[in-house]
A.B. asks: 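Here it is: the structure, laid out below.
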Amino acid sequence: MEFDELWESLLPVGRDPGTGGYRRYAWTEAEAGCRAWFARSASALGLGTDYDGNGNLWAWWGRPGPGAIATGSHLDSVPDGGAFDGPLGVVSAFAAIGELRRQGFRPTRPVAVAAFTEEEGARFGVACLGSRLLTGAVDPDAARGLTDADGVSLAEAMREAERDPAQLGPDEELLASLDAYVELHIEQGRALAGLDTAVGIAEGIWPHGRWRLEFTGRPDHAGTTRLADRHDPMLPYAATVLAAREAAAGHGALATVSKVVAEPGGANGISSAVRAWLDARAPDQATLDLVVDEVSAAAQAAAREHGVGLEARRESVTPLVAFDPGLRDRLSAVLGAGTPVLPTGAGHDAGVLAARLPTAMLFVRNPTGVSHSPAEYAEPADCQAGVAALAAVLADLAG
Ligand code: GLV
Ligand code: MN
Ligand code: MN
């Protein structure tokens, strides 16, 4: 199948009719639709689909085994995500294999297309959960116990989807069989937008992480409780939002209080608790630590000032990733020495796998730079250029 047909067949799956954004959360019906699409697309190319023990999908061109070259990305989304973040890499992988087949190319190594589960961490909180479990970066017992917003555990969600959570954990045999992983992704910035090239190569990923902050106060009446008598968790929460912005601006970093839940949620009451999530990213680890320390100190001080409890928990952290220089040079040689090489602040499964095998990424131009939004977009011609680039890279690595 060609890119357009693959792309069109995935587009309706998990799209919210109201917002036009995607809600493809791990182990939900929408994501099951994506998994079914993956198996159908693989099958149309004559490839079988396997699950690994962590719920990641693998389609193999050739017999699974040593020396394999893997490509792919993820199919899950953030709340109201765009169509491209993740799916572009998987669709392009199948399209590139289709293209190589048409050219009569015969790989001398196995080629795998992967779709990693819960890359965004939108349901269970830990980003790149599928690849972290595969590499052993997350403890399987801790993963089984992760819960979603409704209190459903990952173990329960997997059982519901007829997968066995007892199988979670590192898969050394699968990892050892992979010689390289190349992930194509929409660019989540505008570095390529002003250039006359549709495809770039990733240099590395900023260190980044997520922290959950729980402010616990005392629920009370908004219309009768004197200001002096309140223990309102909304106040230290608000101070933390501003502190994050200030710390990021002061250190050339990014920090976002990205999500908030106020309990019990009455419009005329003082909250009993406010849960907030901090997403922080910086060009280097020392700066990231500094930003997070400053935000934590501000949150603690504000909590103390308002007589509010604060519990902070790290949900996931990814250290600085420098993609394999040898593989990056090889991609440059295939795509042309002038191909731009770009850093990114966005997390990817390729960044997690980089701890265990040579990995690389290709970025496809995003004219507005917008991502994690229904407005995310790439021009069809640029997507085609991405497929051609990925096909050339796979032909080089697997030829
Ligand atoms: C994933 O897209 C991330 O950077 O959080
Ligand atoms: Mn994303
Ligand atoms: Mn992504």
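By convention here, the first residue in the shown sequence is residue 1. Just so you know, ligand 1 is whichever comes first in the structure, and atom 1 is the first atom listed for that ligand.
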A.B. asks: State the atoms of ligand 1, each with its element, that fall below the 4.0 Å cut-off from a heavy-atom position in A346.
C.D. replies: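 Close to A346: 4 (O).
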
A.B. asks: What atoms in ligand 1 come closer than 4.0 Å to a heavy atom of E120?
C.D. replies: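 Numbered from 1, ligand 1 contributes 1 (C), 2 (O).
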
A.B. asks: Among all protein heavy atoms in this structure, tell me which lies nearest to atom 5 (O) of ligand 1, with the distance rounded to 0.1 Å.
C.D. replies: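 Protein heavy atom with the smallest distance to atom 5 (O) of ligand 1: R281 NH2, 2.8 Å.
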
A.B. asks: Do the two ring centres, one from H231 and one from H306, sit under 6.0 Å apart?
C.D. replies: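 No, the ring of H231 stays outside the 6.0 Å limit from the ring of H306, centre to centre.
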
A.B. asks: Please report whether ligand 1 has a polar contact with E119, defined as an N or O pair separated by less than 3.5 Å (distance criterion only).
C.D. replies: no

A.B. asks: So does H74 have any N/O/S atom less than 2.8 Å away from the Mn ion (ligand 3)?
C.D. replies: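 Checking the Mn ion (ligand 3) against H74, an N, O or S atom does fall under 2.8 Å.
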
A.B. asks: Hey, what's the ring geometry for F84 with W7, parallel, tilted or perpendicular (30° and 60° as the breaks)?
C.D. replies: tilted

A.B. asks: Going by the side-chain hydrogen bond (donor to acceptor under 3.5 Å, both in side chains) test, name the single residue among R15, H372, R23 that passes it with D80.
C.D. replies: R23

A.B. asks: What angle sits at the Mn ion (ligand 2) between OD2 of D85 and OE2 of E120, to 10°?
C.D. replies: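 For OE2 of E120 and OD2 of D85, the angle centred on the Mn ion (ligand 2) reads 90°.
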
A.B. asks: Looking at non-hydrogen atoms alone, which of A122, G347, A127 comes nearest to atom 4 (O) of ligand 1?
C.D. replies: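 Nearest option to atom 4 (O) of ligand 1, by heavy atoms: G347.
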
A.B. asks: Which value, rounded to the nearest 0.5 Å, describes the distance between I97 atom CD1 and L45 atom CG?
C.D. replies: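 Taking CD1 in I97 and CG in L45, the distance rounds to 6.5 Å.
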
A.B. asks: For the aromatic rings, using the six-membered ring if either is Trp, is the centroid distance between F3 and F94 under 6.0 Å?
C.D. replies: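 So the answer is no for these two rings.
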
A.B. asks: So for ligand 1, is H372 a polar contact partner (N or O within less than 3.5 Å, distance only)?
C.D. replies: yes

